[in-house]
Amino acid sequence: MMDLDLRQLRSFMDVADLGSFSAAADKAGLTQPAISLHIRLLEKQLGVRLIERVGRRAQPTAAGRDFLIHARRIAEEVAHAIDTVAPHRSGVTGRLRIGTGATACIYLLPSVLGKIRQAMPGIEIVVQTGNAHDILRLLEANTIDAAVVALPASGRSLDISDIHLDELVAVFPQGSVSDTTVLNAETLSARSLLLYEGGNTRRLVDQWFSASGRTVQPAMELGSVEAIKKLAGAGLGLAIVPRMAMEHEGAASGLEWRSLEPPLERRIALAMRRDKHMTAPLRALAAALPDVGKR
């Protein structure tokens with residue numbers, strides 16, 4: 001029986017995913033010659049060419065694409081085997097790698113992760129933040145185990161479950177907007193606006209304005225909801241942020257928030273690979289998130 005070297009398999013998958021020997025070397029903490037040697041040895045063992053260069057990019061050959069499917073399965077089974085014995089190691093009960101946006105990381109996940117940690121004290125939890133597109137790419141590459149992202153989201157290898165409805169609201173300094181003011185697209189387009197920089201949430205905001213025949217050029221675009229709130233509090237503009245970021249703000253914050261007219265909402269979803277082995281931490285995450293959405 002042919003013995004396959006797991007390090008060579010990992011190098012092959014990294015080169016195929018990243019399109020670069022140097023990028024694969026950086027990811028693995030190895031030198032580029034070491035990655036190249038892994039690929040050559042694997043190709044020699046299999047008797048086929050697995051990687052070819054097209055321009056400046058390295059990509060799998062036809063044989064490589066076929067082999068990549070099985071290499072991923074092998075890597076997944078090895079990970080499953082490690083997770084299976086994890087509870088038997090003192091103080092360790094598994095690993096959970098989650099990708100999400102910064103707002104969900106701050107306001108949606110803490111209570112969920114707290115419950116999981118309480119039930120599994122030895123669990124290793126890793127949270128990576130970014131925009132939905134980048135997070136879903138990590139999920140499809142199996143670099144993370146689950147993603148919590150704003151819809152729309154898609155992926156041929158992904159299962160996506162709607163878990164939470166989150167309203168987007170207008171935020172402004174206390175007393176700066178009359179109680180009788182209707183916060184619609186016409187009113188807001190005449191004000192200095194503080195909006196998200198890119199991503200699904202920003203697209204929803206732009207579509208909301210567009211539906212009323214308005215196009216806006218915000219005074220500032222930022223990637224952090226906390227930064228947007230701070231600038232709104234300083235009187236630099238009216239902000240549109242997720243309601244979850246405002247529900248626990250007290251009067252001391254100096255901010256008010258109100259619903260838009262018509263209301264604007266976004267959906268938050270849990271995404272996982274269809275072929276992902278459901279470890280105990282993943283099952284706990286999938287069970288806990290819908291409960292958060294019901295509150």
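Nothing here was measured: the structure is a model prediction, and the numbers come from that model.
- A heavy-atom distance below 4.5 Å is found between the side chains of L168 and T201.
- Nearest heavy-atom pair, A284 versus M120, reported as atom, atom and distance to 0.1 Å: CB-CE, 4.1 Å.
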Pair up each side-chain donor or acceptor in residues 207-220 with any protein partner under 3.5 Å, not counting sequence neighbours, and list the distances.
unit_1 : atom_1 : unit_2 : atom_2 : d
W208   : NE1    : P262   : O      : 2.9

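- Here D5 does not pair with R10 in a salt bridge; the nearest charged N to carboxylate O distance is not below 4.0 Å.
- No side-chain heavy atom of D162 sits under 4.5 Å from any side-chain heavy atom of L270.
- Atom CG of L260 is separated from atom CG of N184 by 9.0 Å, given to the nearest 0.5 angstrom.
- With contacts defined as side-chain heavy-atom distances shorter than 4.5 Å, the pair M272/L282 qualifies.
- Of all the heavy atoms in L238 and A170, the pair that sits closest is CD2-CB, 3.9 Å.
- Contact check for L264 versus V205: side-chain heavy atoms found under the 4.5 Å cut-off.
- Using a 4.5 Å cut-off between side-chain heavy atoms of Ile, Leu, Val, Met, Phe, Trp and Tyr, with links allowed through other members, L289 and Y107 fall into the same hydrophobic cluster.
- At a threshold of 4.5 Å between side-chain heavy atoms, the hydrophobic network of Ile, Leu, Val, Met, Phe, Trp and Tyr places L236 and L255 in one connected group.
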(message) The test is side chain to side chain contact (heavy atoms under 4.5 Å, CB included); show your working for D17 and R72 and say whether it passes.
(response) CA-CA 11 Å; D17 290 339; R72 293 194 194 283; 2.5 Å; yes
(message) As a quick check of understanding, evaluate side chain to side chain contact (heavy atoms under 4.5 Å, CB included) for L37 and R40, giving each step before the final call.
(response) CA-CA 5 Å; L37 178 61; R40 287 199 304 273; 3.7 Å; yes
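- Here the CD1 atom belonging to I69 is positioned 6.5 Å from the CZ atom belonging to R73, to the nearest 0.5 angstrom.
- When every heavy atom of V112 is checked against every heavy atom of A288, the shortest pair comes out as CG1-CB, 3.7 Å.
- Looking at every heavy atom in both residues, A286 comes nearest to M278 through CB-CE, 4.4 Å.
- Between the side chain of T61 and the backbone N or O of E52, no donor-acceptor pair lies under 3.5 Å.
- In this structure the side chain of L113 reaches within 4.5 angstrom of the side chain of I98, judged on heavy atoms.
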Please tabulate, for the side chains in residues 142-150, all donor-acceptor contacts under 3.5 angstrom to protein atoms that are two or more places apart in sequence or on a different chain.
unit_1 : atom_1 : unit_2 : atom_2 : d
N142   : OD1    : K276   : NZ     : 3.0
N142   : ND2    : E76    : OE1    : 2.8
D145   : OD1    : R97    : NE     : 3.3
D145   : OD1    : R97    : NH2    : 2.8
D145   : OD1    : K276   : NZ     : 3.0
D145   : OD2    : R97    : N      : 2.8
D145   : OD2    : R97    : NE     : 3.2

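- We find the NZ-OG distance between K229 and S224 to be 9.0 Å, quoted to the nearest 0.5 Å.
- A donor-acceptor distance shorter than 3.5 angstrom exists from the side chain of S189 to the backbone of A185, with no hydrogens or angles considered.
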(request) Determine, stepwise, if the pair Q59 / I51 fulfils side chain to side chain contact (heavy atoms under 4.5 Å, CB included). (result) CA-CA 6 Å; Q59 65 180 36; I51 296 291; over 6 Å; no
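- Cluster membership check: F67 does not share its hydrophobic cluster with L18, using side-chain heavy-atom separations under 4.5 Å among Ile, Leu, Val, Met, Phe, Trp and Tyr.
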(request) Begin with the C-alpha distance, continue with both residues' side-chain angles, and end with the deciding distance and a verdict on salt bridge (Lys or Arg N to Asp or Glu O under 4.0 Å) for E221 and R202. (result) CA-CA 10 Å; E221 299 173 281; R202 173 58 184 276; 2.6 Å; yes
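- For R117, the CZ atom counts as densely surrounded, since its 6.0 Å shell holds more than 12 non-hydrogen atoms of other residues, nucleotides or ligands.
- Rounded to the nearest 0.5 angstrom, I160 CD1 and R267 CZ are separated by 14.0 Å.
- Side chains of L136 and L138 form no contact here, defined as non-hydrogen atoms less than 4.5 Å apart.
- Side-chain contact check for Y196 and T103: at least one donor-acceptor pair (N or O, by modelled atom type) lies under 3.5 Å.
- The line from CZ of R258 to CZ of F172 is 5.0 Å long, rounded to the nearest 0.5 Å.
- D166 and R243 are not joined by a salt bridge, as no carboxylate oxygen comes within less than 4.0 angstrom of a charged side-chain nitrogen.
- Here R266 does not pair with E167 in a salt bridge; the nearest charged N to carboxylate O distance is not below 4.0 Å.
- Using a 4.5 Å cut-off on side-chain heavy atoms (C-beta onward), W257 and V241 make no contact.
- With hydrogens and angles ignored, the 3.5 Å screen pairs a side-chain donor or acceptor of T187 with a backbone N or O of V182.
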(message) Does V177 form a side chain to side chain contact (heavy atoms under 4.5 Å, CB included) with R191? I'd like the steps, not just the answer.
(response) CA-CA 11 Å; V177 176; R191 290 177 171 264; 4.0 Å; yes
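- Rounded to the nearest 0.5 Å, atoms CG (N131) and CD (E197) are 10.0 Å apart.
- Hydrophobic cluster membership is shared by L194 and M246, with clusters built from Ile, Leu, Val, Met, Phe, Trp and Tyr side chains linked at under 4.5 angstrom.
- When every heavy atom of A232 is checked against every heavy atom of A239, the shortest pair comes out as CB-CB, 4.1 Å.
- Crowding of R56 atom CZ: a count of heavy atoms from other residues, nucleotides or ligands under 6.0 Å not exceeding 12.
- Closest of all the heavy-atom pairs between S259 and V169 is CA-CG1, 4.4 Å.
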Please tabulate, for the side chains in residues 23-32, all donor-acceptor contacts under 3.5 angstrom to protein atoms that are two or more places apart in sequence or on a different chain.
unit_1 : atom_1 : unit_2 : atom_2 : d
K27    : NZ     : D14    : OD1    : 3.2
T31    : OG1    : A34    : N      : 3.2

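- Looking at L109 and T100, their side chains come closer than 4.5 Å, going by heavy atoms from C-beta outward.
- For the side chain to side chain contact (heavy atoms under 4.5 Å, CB included) test with I240, the passing option among I228, V171, L204, L188 is L188; the others fail.
- Hydrophobic cluster membership is shared by L50 and V15, with clusters built from Ile, Leu, Val, Met, Phe, Trp and Tyr side chains linked at under 4.5 angstrom.
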